[in-house]
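This one's a predicted model, so the numbers in the text were calculated from it and none came from an experiment.
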Amino acid sequence: MEYISGIVERITFTNEENGFSVIKIRARGCSDLVTLVGNLASVNVGAVLRLKGDWKYDSKYGKQFNVADYRETVPATIAGIEKYLGSGLIKGIGPVYARRIVSYFKEDTLKVIEEKADYLIKVEGIGQKRVEMIKKAWQEQKEIKNVMLFLQSYGVSTAYAVKIYKTYGDESIKIVKSNPFRLADDIWGIGFITADKIARQLGFDTQSYERCRAGIIYALNHLANEGHCYAAREQLVSEAVKLLDLEESLIDSSLQRMIAERSVIPDQDDAIYLPPFYYSEAGTAERIKKILAGQAFKPAIDIEKIIAEIQRDCGIVYDRVQLDAIKSAAGSKFMVLTGGPGTGKTTTTLAIIRVFQKMGASCLLAAPTGRAAKRLSETTGMEAKTIHRLLEFKPSEGYKRNSENTLECDVLIIDEASMVDIILMYNLLKAVSDQTVVILVGDVDQLPSVGAGNVLKDIISSGMVSVVRLTRIFRQAQGSAIITNAHRINKGEMPRLRCGRSSDFFFIEEEDPPQVAETIKDLCVKRLPTYYRVDPISDIQVLCPMQRGEAGAQNLNSVLQEALNRTDITIQYGGAAYRLHDKVMQIKNNYDKNVFNGDIGSIVKMDREDKTLVIRFDGVDVDYDATDLDEVVLSYATTVHKSQGSEYKIVVAPFTMQHYMMLQRNLLYTCVTRAKKILVLVGSKKALRIAVSNNKIQQRNTMLAERLSQNIYP
């Protein structure tokens, strides 16, 4: 082992997941910059390092110093201090303020910040607000550094240090040492695997109840993330045995203790639920039954006469199935209206609203996402809210609309109901009075909700509510190859791929994934914007079957960001660079910010000094700190799953054999139906054939249909 010392000049690469970094330092006795490789994730530009390791020669990158261990000291020179402070280490100090502060305080700068931070107000441009920000950030970074070093000593990614500190504050290390499994429960992004790794390093008993409990809950949450409301007991025990590498008897006894403590809830056929999913599923069934038993809204009015008036006023003639749907809605307490694109769901929904209005009923409209709500509002001419807004959700208070403060309406219409998961549906129905008429509108053949449950499908399957399925494609929709091909796919038939230049559906055959990515870049940057005169960022959406691979969302995001947004105004977070005007997607429900999983926005403001940015979602500006960026991903390309409830002017979608694991009929169908004006598929005919023929939909563990059709009570 050798020792070298130097000042960090730049950080070339950092992998936030494992801490691996590539760093350039100016070392004593070396004329050129020295490349360091190793676990150095907590290091900042300008830091002075004493390093232990050995030299190696890489055939591609040349001579490097492989770091085994290091010690950090604060920089001593004025230039080093300026670089150190300007690296983004302290919120409130970027390169500009770093230069001003160091110019004023010289070698005493760090001592002033540490001991007499109020003196910073003497520096030009720094007010009291910024002084307070710097004081707080300096203290936090010291504590976060301690957490980082603590995690690093146990071989755990330092990327979690900020999250841990934000959650536990100065108690961080103490809490982690006493029960590292709390991390899996309390901190988003840290799962059981990471917590277990820390626990092992700390010497926790691998057979402890705390570890068994954490592993079982992890297994249940993993299944919930795949859409399941419960696990079969045998399935759960088997998963936990593999995960924990323990005897089945120990898992069984731990599970029994968890049942006794009500950490998990057993039900019919040995189903094991996490409490939120159990109470939501049982509660949803109970609420639907009570609504069905309530009094229907039936004033003494001739429904046939009302429908005739609406047809005359609007110049519309409804077909038989639409008339059945309108009459069924007027006489139902709980109804589902379903059908594919072009079958008149919107027209029928509008007719149902008009009928109820003529009957003197008050109607409320809602949808799961902001985009879906906006579209519903545009098509009906009425106000439509997201379900969260309708229920007046506030992070600190929960849902203000609930069983004790119900929604004030005679009729509630929910669009894009296939997207609603079991927990949201339960909270919605709790806020509905027994006398309200509920109408769910959605396409049951699309992918189910991202969250747990298969609510719309289960309600239909139960046979307990009125269901009207629209199947006829109207003449004006028959001219759209997008719509006709969507219906062909849904029936298990290959879409017609040879369409003329005037068509709205195109297929470009390309087998090679790297070439698929290149073709998609060319389409998004040049061909489509030029021909259709559209904005390549806001009007074109790339939808992928999966994240990974050359033709996956991750790679295409990098390719399209580089091609469409070349600004150098960026904020680095982890291994990603976020640029001003980037198109981004929220990937976690954040109730404090009132943004939700799947919301798409644009970065409209960026402050590199304060490490803050503003993202605009559907016209609403939301403030973000750089440390919040683990909740956001680039969304020039996204997955089909994440696109539910949204429509885009132009959709470009790769379908290749590289996506084999995800080639399913409902995924292709959902992808095609997201396009409003133009759809371009790029890929292989073989991949499309596999997707069309694969109607094997992954079954989700749910019991909502059984609870509705049978007397299964909590």
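Atoms NZ and CG, on Lys457 and Asp445 in that order, are 10.5 Å from each other to the nearest 0.5 Å. Taken to the nearest 0.5 Å, the CG atom of Asn405 stands 6.5 Å off from the CD atom of Glu392. Taking CG from Leu236 and CG from Leu220, the interatomic distance works out to 4.5 Å, rounded to the nearest 0.5 Å. Here CZ of Arg401 is found 9.0 Å from CG of Leu391. Values are rounded to the nearest 0.5 Å. Here the straight-line distance linking atom CG of Asp245 with atom CD of Gln207 works out to 10.0 Å at 0.5 Å rounding. In this structure, Ile600 CD1 and Lys583 NZ are separated by 5.5 Å, a value rounded to the nearest 0.5 Å.
Residues Tyr273 and Glu281 bring a donor and an acceptor atom of their side chains to less than 3.5 Å of each other. A side-chain N or O of Gln586 and one of Tyr624 form a donor-acceptor pair less than 3.5 Å apart. Side-chain polar atoms of Asp582 and Gln561 form a donor-acceptor pair below 3.5 angstrom. One side chain, Asn590 or Glu631, offers a donor N or O that lies under 3.5 Å from an acceptor on the other. Between the side chains of Gln268 and Glu706, not a single donor N or O lies within less than 3.5 Å of an accepting N or O.
With Thr656 contributing its side chain and Pro513 its backbone, the two residues share no donor-acceptor pair below 3.5 Å. Judged by distance alone, the side chain of Gln658 and the main-chain N or O of Glu550 form a donor-acceptor pair under 3.5 Å. Checked by atom type and distance alone, the side chain of Arg674 pairs as donor or acceptor with a backbone atom of Ser646 at under 3.5 Å. Side chain of Ser21 to main chain of Ile23: no donor-acceptor pair is present (N/O by atom type, distance under 3.5 Å, no hydrogens or angles). Side-chain atoms of Glu286 never come within 3.5 Å of backbone atoms of Gly283 as a donor-acceptor pair (strictly under, hydrogens ignored). Under the 3.5 Å distance criterion, the side-chain polar atoms of Ser238 are left unmatched by any main-chain donor or acceptor of Gln235. Between the side chain of Thr338 and the main chain of Gly442, a donor-acceptor pair closer than 3.5 Å is present. Side-chain N or O atoms of Asp628 include one that pairs as donor or acceptor with a backbone N or O of Asp625 at under 3.5 Å. Ser462 places no side-chain N or O within 3.5 Å of a backbone atom of Ala705 that could act as its donor or acceptor partner.
Cation-pi geometry between Lys400 and Phe393 is not satisfied (NZ or CZ under 6.0 Å from the ring centre, within 45° of the ring normal).
Side-chain contact between Pro545 and Leu667 is present, with heavy atoms from C-beta onward closer than 4.5 Å. A 4.5 Å side-chain heavy-atom check between Leu428 and Val420 finds every atom pair outside the cut-off. Residues Leu250 and Cys212 form a side-chain contact, since some pair of their non-hydrogen atoms from C-beta on lies under 4.5 Å apart. Between Leu668 and Leu688, some side-chain heavy-atom pair lies under the 4.5 Å cut-off. Side-chain contact check for Ile423 versus Pro276: some heavy-atom pair is nearer than 4.5 Å. Looking at heavy atoms from C-beta onward, Pro448 lies in side-chain contact with Arg700 at the 4.5 angstrom threshold. By the 4.5 Å heavy-atom criterion applied to side chains, Leu183 and Tyr168 are counted as neighbours. At least one side-chain heavy atom of Leu440 sits under 4.5 Å from a side-chain heavy atom of Phe334.
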Residue pair Val542, Cys544: steps toward the side chain to side chain contact (heavy atoms under 4.5 Å, CB included) verdict: CA-CA 7 Å; Val542 177; Cys544 306; 4.0 Å; yes
Criterion side chain to side chain contact (heavy atoms under 4.5 Å, CB included) on Ile193 and Tyr218, from CA distance to verdict: CA-CA 9 Å; Ile193 304 297; Tyr218 170 81; 4.1 Å; yes
Verdict with reasoning, Ile387 to Ile414, per side chain to side chain contact (heavy atoms under 4.5 Å, CB included): CA-CA 8 Å; Ile387 295 174; Ile414 303 296; 4.1 Å; yes
Residue pair Leu412, Val432: steps toward the side chain to side chain contact (heavy atoms under 4.5 Å, CB included) verdict: CA-CA 8 Å; Leu412 175 65; Val432 175; 3.7 Å; yes
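Under 4.0 Å is where a charged nitrogen must lie from a carboxylate oxygen, and between Lys242 and Glu239 at least one such pair does. Ion pairing between Glu210 and Arg213 fails under the 4.0 Å rule for side-chain N and carboxylate O. By the 4.0 Å N-to-carboxylate-O rule, Arg707 lies too far from Asp458 to be salt-bridged with it. Contact check on Lys593 versus Asp599 returns no salt bridge, with no Lys/Arg side-chain nitrogen under 4.0 Å from an Asp/Glu carboxylate oxygen. In this structure, Arg211 pairs ionically with Asp196, as a charged nitrogen and a carboxylate oxygen lie closer than 4.0 Å.
Ring planes of Phe655 and His659: perpendicular class, angle over 60° (limits at 30 and 60°).
When every heavy atom of Ile422 is checked against every heavy atom of Cys229, the shortest pair comes out as CG2-SG, 3.9 Å.
Around atom CD of Glu248, no more than 12 heavy atoms belonging to other residues, nucleotides or ligands sit under 6.0 Å away. At most 12 heavy atoms of other shown residues, nucleotides or ligands fall within 6.0 angstrom of atom CD in Glu247.
With sequence neighbours left out, the side-chain contact (heavy atoms from CB on, under 4.5 Å) criterion links Arg257 to Tyr209, Glu261. Here Tyr578 pairs with nothing under the ring-ring contact (aromatic ring centres under 6.0 Å, His included) rule; sequence neighbours left out.
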